[in-house]
Protein chains: 2
Amino acid sequence: MKIITYNVNGLRSALSKGLLDWVREADPDVLCLQEIKAGREPLDVSEFEALGYRAYLHPAHKPGYSGVAIFSKQPPKAVVVGCGTECYDLEGRVLRLDFEDFSVLNTYMPSGTSGDERQAFKLEWLRFFREYVRTLRATLPGLVIGGDFNCCQRDIDLHNAKTNQNSPGFTPAERAWFADFLADGFTDAFRHHHGDASGHYSWWTFRSGARARNVGWRLDHLLVDAGLQPRIKAAGHMTDAVHSDHCPVFVELVI
Amino acid sequence: MKIITYNVNGLRSALSKGLLDWVREADPDVLCLQEIKAGREPLDVSEFEALGYRAYLHPAHKPGYSGVAIFSKQPPKAVVVGCGTECYDLEGRVLRLDFEDFSVLNTYMPSGTSGDERQAFKLEWLRFFREYVRTLRATLPGLVIGGDFNCCQRDIDLHNAKTNQNSPGFTPAERAWFADFLADGFTDAFRHHHGDASGHYSWWTFRSGARARNVGWRLDHLLVDAGLQPRIKAAGHMTDAVHSDHCPVFVELVI
DNA sequence: CCTCATATG
DNA sequence: CATAAGAGG
């Protein structure tokens, strides 16, 4: 069971750069995409379907903004679009597929980089999301959360921790939130598999050749319910895929 | 004395397509540009200056919209920016250089293609402009008007006159205006030199390969005071220049 | 430094 | 079918 999460920075743009060939090659069972940036016209998912995927979309209300999607080879027993809270659902940030033995929750968490107001919104979201997931876990024992968290937790998760102690995505509040979230009973698949390895990032700014110099952040995560931890077979970053300012992140579970 | 008028559809875009090399080659004495689409930052004209031109700009108030410029090898004895009527000058539609024996008035006339309101604005403009030029001629005997008129006059001035009898740029009102304007004492340099030749256009829509099929309109004109008519040595379209959806139009005067 | 929507042509 | 600004990242 290979699950991939990928912030594509515009699905149409990523498709124009060969995303589909990459999907065929990578062959995930479940593919979680963020920032699909769907426009006013519905996205054409027929080429994903031709590869054997069912498509589930949760675009934002605002055209060209945010939005998540899941492509799955197996049909889920349930699809849950959104989280039931309007201010988040208007921004297309949550989509969940429930399978027989596990669930995949795809999320695109707010970025706080555009100003104080959005950073405050992000912090509210983080609080909300932790509670929301706590509730879900009561009835969904095998939860896998994949997405662009727009946060990282430890100094080894970004290139320049010292100068970013108060940058959105690495503020003390966000680091604490991340630790608490994991303590609720989740395993960071990447860390589980790679220990304290540094220099592994999933996002690089487009500016000044940051990706070529590997000046990045690890913002995209696959967190698995601690009960699934023994089933983690592999996890990592797929840095060869270049359709976005993020790279795909994968986990293989024995399910 | 070679005068060229050219709607560049964005000066920065045209420069990125090699406009400057073309200018060096074409070597006009006076170059009238329309739709420079200047942004908030002032345009960098140093490369024109390096070619020996003085630069005169009349950008629109709104960034990225409209705007005209004249580049001249000889220094004018006067520069007149705008026409003194705010609603037109905010859109950067008129710029004039007065030389010893003649004047060059560069104009970008409104397009009416975006709706009735703008077509009405265009018709008001046409009326205003005719009066404005009548006044100018009282004191400027050698007037040359170059620009994108966004109008043509005769069936031979566009590819498909029949189906465009009521299209903006070829409405009865605009055709009549054009005839009246010439009757006031101007010579259309292109027609003077090429008679009733058809199939000579200065604009082609970007859509559906119109330029390759020469499905166009003759919207860009050089009108010279009838008193200068004997001095017209050559006139024509420079269809090899491809930096825009328009092509440059030239006249050579013996002055 | 990117993608996207929108205005305008 | 293009250019360009502007929002958002």
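Naming: A, B, ... by sequence-line order, numbering from 1 per chain.
- Annotation for A:Q165: atom CD counts as buried by contact number, over 12 foreign heavy atoms lying within 6.0 Å.
- B:K122 has its NZ atom 16 Å from the P atom of C:dT8, to the nearest Å.
- Among the heavy atoms of the strands lying under 4.0 Å from A:S111 are primed sugar atoms or P, OP1, OP2 only; no base atom is included.
- Using cut-offs of 30° and 60° for the angle between ring planes, the B:Y132 and B:F129 rings count as tilted.
- An OP1 or OP2 oxygen of D:dG8 is reached within less than 4.0 angstrom by no side-chain nitrogen or oxygen of A:S114.
- In this structure, A:R207 atom CZ and C:dC2 atom C1' are separated by 9 Å, rounded to whole Å.
- In terms of phosphate contacts, B:R211 brings no side-chain nitrogen or oxygen within less than 4.0 Å of OP1 or OP2 of D:dC1.
- For CZ of A:R130, the number of neighbouring non-hydrogen atoms (other residues, nucleotides, ligands) closer than 6.0 Å is greater than 12.
- In this structure, CD1 of A:I36 is placed 15 Å from P of D:dG9, rounded to the nearest angstrom.
- The shortest distance between the side-chain N/O atoms of B:K17 and the OP1/OP2 oxygens of D:dT3 is below 4.0 Å.
- Positionally, the nearest nucleotide of DNA chain C for A:T205 lies more toward the 5' end than for the other of A:T205 and B:E35.
- When ring centroids are compared, A:F170 and A:F178 stay outside the 6.0 Å threshold.
- When the nucleotides D:dG9, D:dA4, C:dC4 are ranked by their closest atom to the side chain of A:S13, C:dC4 comes out on top.
- Counting to the nearest Å, the C1' atom of C:dG9 and the CE atom of B:M109 are 17 Å from each other.
- Side-chain proximity of B:K37 to the nucleotides D:dG8, D:dT3, D:dG6 is greatest for D:dT3.
- A:K62 has a side-chain polar atom (N or O) that falls below the 4.0 Å cut-off from OP1 or OP2 of D:dG8.
- The distance between atom CG of B:N7 and atom P of D:dC1, rounded to the nearest whole Å, is 20 Å.
- The phosphate of C:dT6 has OP1 or OP2 within less than 4.0 Å of a side-chain N or O from A:R40.
- Straight-line distance from the CZ atom of B:R118 to the C1' atom of C:dA7: 12 Å, rounded to whole Å.
- Counting only heavy atoms from C-beta on, B:F206 has its side chain closest to D:dA2 among D:dG6, D:dA4, D:dA2.
- Rounded to a whole Å, the CG atom of A:L43 is 16 Å from the P atom of C:dT3.
- Counting heavy atoms of neighbouring residues, nucleotides and ligands inside a 6.0 Å radius, atom CD of A:E49 exceeds 12 of them.
- Backbone-only engagement by A:N9 is indicated by non-hydrogen atom pairs under 4.0 Å involving sugar-phosphate atoms exclusively.
- If you take CG of B:L90 and C1' of C:dT8, they are 17 Å apart, rounded to a whole angstrom.
- Residue A:Y65 has a polar side-chain atom (N or O) positioned under 4.0 Å from OP1 or OP2 of D:dG9.
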